[in-house]
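Right, one structure below, let's go through it.
Numbering of ligands and ligand atoms starts at 1, following listing order. Counting from 1, the numbers follow the sequence of the chain as shown.
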Amino acid sequence: MSSEPLAGFRRLGFLVVISGPSGVGKTSFCDHLLETRTDTVRSVSATTRPQRPGETDGRDYFFIDRAAFELRRAGGDFLESAEVHGQLYGTPERFVKDAIAAGKIVLLNIDVQGGLAIKARHPEGVYIFVYPPSVDSLRARLEARRQDGPVEIERRLGNAPGEMRRWREYDYVVLNEELPTALAQVSAIVEAERARVGRFAVSTPTGTAIAPHA
Ligand code: 5GP
């Protein structure tokens with residue numbers, strides 16, 4: 001998936017933002033892309049949310065306290081930041097910029113406010129909304145994953161309808177009724193976006209790439 005294109009062509013990196021309500025399975029989409037495409041990297045956000053069992057600092061999130069978060073936010077470290085379900089989350093800008101400059105597809109699993117804030121500034125990115133079959137399906141997933149207590153689950157479900165109403169502001173919507181089908185759709189979107197004319201640079205003075213067979 002990440003093999004070098006023909007001589008003269010260089011692939012440009014870009015952002016892929018995956019949003020949707022809590023419990024819709026956003027992490028599965030990121031993990032699937034990371035496993036199947038060597039040209040993808042995941043941006044690791046900073047958060048004030050407490051670390052859950054099984055999470056690793058620096059891999060799942062950078063877990064920091066509010067004071068440290070505010071300091072980083074004031075220092076302009078974040079591409080976007082938002083308060084989500086009562087906790088602060090932010091996307092470190094340096095990592096995203098460096099990875100894009102290196103030609104990578106940078107995956108952001110972030111909430112709707114954050115996704116749309118980035119879209120306003122970077123419309124060239126790819127914005128995918130993962131839509132659940134129902135709010136009940138979110139409840140079932142949130143309960144099954146046993147990561148949050150009942151109060152936190154209710155808070156997340158309470159926020160879901162407001163988040164779901166914003167799906168039209170994204171470029172793509174993927175209905176997550178059947179996970180394998182939805183994963184295949186997201187892969188197809190990324191593959192097609194990779195092939196967009198605007199996502200290649202050419203390195204000849206005339207702007208015409210020199211292919212070996214030309
Ligand atoms: P969780 O606490 O379940 O890991 O994530 C809660 C919500 O915060 C999810 O919707 C997740 O996508 C979102 N989120 C994670 N990182 C960021 C970030 O850097 N910015 C924003 N705006 N949302 C984030």
Side-chain angles (χ1 to χ4, degrees), residues 15-34 41-66 68-73 75-97 99-100 106-122 125-132 135 137-167 169-170 173-174 176 186:
L15 272 177
V16 173
V17 172
I18 300 182
S19 295
S22 192
V24 78
K26 296 183 292 273
T27 306
S28 308
F29 291 88
C30 283
D31 288 349
H32 179 71
L33 289 167
L34 289 167
V41 288
R42 192 173 82 87
S43 161
V44 178
S45 297
T47 185
T48 60
R49 167 170 75 60
Q51 192 169 346
R52 293 173 179 145
E55 285 185 330
T56 306
D57 188 37
R59 188 194 66 193
D60 296 291
Y61 283 104
F62 294 105
F63 295 98
I64 59 178
D65 62 21
R66 258 183 192 253
F69 192 100
E70 295 295 4
L71 209 63
R72 288 192 58 182
R73 180 149 74 176
D77 276 7
F78 298 132
L79 185 59
E80 62 73 41
S81 63
E83 179 135 5
V84 189
H85 315 311
Q87 300 289 347
L88 297 172
Y89 295 81
T91 306
E93 182 158 28
R94 182 79 268 149
F95 173 84
V96 171
K97 284 198 163 159
I100 289 177
V106 184
L107 309 177
L108 264 53
N109 164 349
I110 65 174
D111 95 306
V112 175
Q113 311 164 62
L116 293 176
I118 297 181
K119 186 168 184 259
R121 284 167 53 200
H122 296 281
V126 181
Y127 297 84
I128 304 174
F129 193 98
V130 184
Y131 201 96
V135 174
S137 72
L138 298 176
R139 179 186 299 281
R141 265 192 65 109
L142 288 175
E143 287 175 354
R145 77 182 184 192
R146 295 172 169 276
Q147 285 172 334
D148 300 296
V151 174
E152 181 60 24
I153 289 180
E154 288 312 318
R155 183 210 283 261
R156 288 172 178 244
L157 291 173
N159 290 336
E163 293 167 332
M164 286 156 65
R165 272 196 289 277
R166 306 197 68 182
W167 66 273
E169 295 171 66
Y170 279 71
V173 60
V174 170
N176 191 11
V186 169

So, does [X] use its side chain to make a donor-acceptor pair with the main chain of [Y] at under 3.5 Å?
| X | Y | result |
| --- | --- | --- |
| Thr47 | Leu88 | yes |
| Arg72 | Pro92 | no |
| Asn176 | Val24 | yes |
| Lys119 | Val17 | no |
| Ser45 | Tyr61 | no |
| Asp57 | Phe63 | yes |

Which of the atoms in ligand 1, numbered in the order shown and given with their element, are less than 4.0 Å from a heavy-atom of [X]?
| X | result |
| --- | --- |
| Gly90 | 18 (C), 19 (O) |
| Ala82 | 22 (N) |
| Gly114 | 22 (N) |
| Arg52 | 1 (P), 2 (O), 3 (O), 4 (O) |
| Arg49 | 1 (P), 2 (O), 4 (O) |

For ligand 1, is any non-hydrogen atom under 4.0 Å from [X]'s backbone (N, CA, C, O), its side chain (CB onward), both, or neither?
| X | answer |
| --- | --- |
| Glu163 | neither |
| Glu80 | side chain |
| Val84 | side chain |
| Lys26 | side chain |

*Verify whether one side chain among Ser22 and Asn159 offers a donor that lies under 3.5 Å from an acceptor in the other.*
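Absent: no donor and acceptor within the cut-off.
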Electrostatic pair [X]-[Y], nearest N-O below 4.0 angstrom:
| X | Y | value |
| --- | --- | --- |
| Glu143 | Arg156 | no |
| Glu55 | Arg49 | yes |
| Arg42 | Asp31 | no |

Taking [atom] as the reference point, the nearest protein heavy atom with its distance:
| atom | answer |
| --- | --- |
| atom 12 (O) of ligand 1 | Asn109 OD1, 2.8 Å |
| atom 3 (O) of ligand 1 | Arg156 NH1, 2.7 Å |
| atom 6 (C) of ligand 1 | Tyr89 OH, 3.5 Å |
| atom 23 (N) of ligand 1 | Asp111 N, 3.1 Å |
| atom 19 (O) of ligand 1 | Ser45 OG, 2.6 Å |
| atom 15 (C) of ligand 1 | Tyr61 OH, 3.2 Å |

*asked:* His85 versus ligand 1: do any nitrogen or oxygen atoms come within less than 3.5 Å of each other?
replied: no
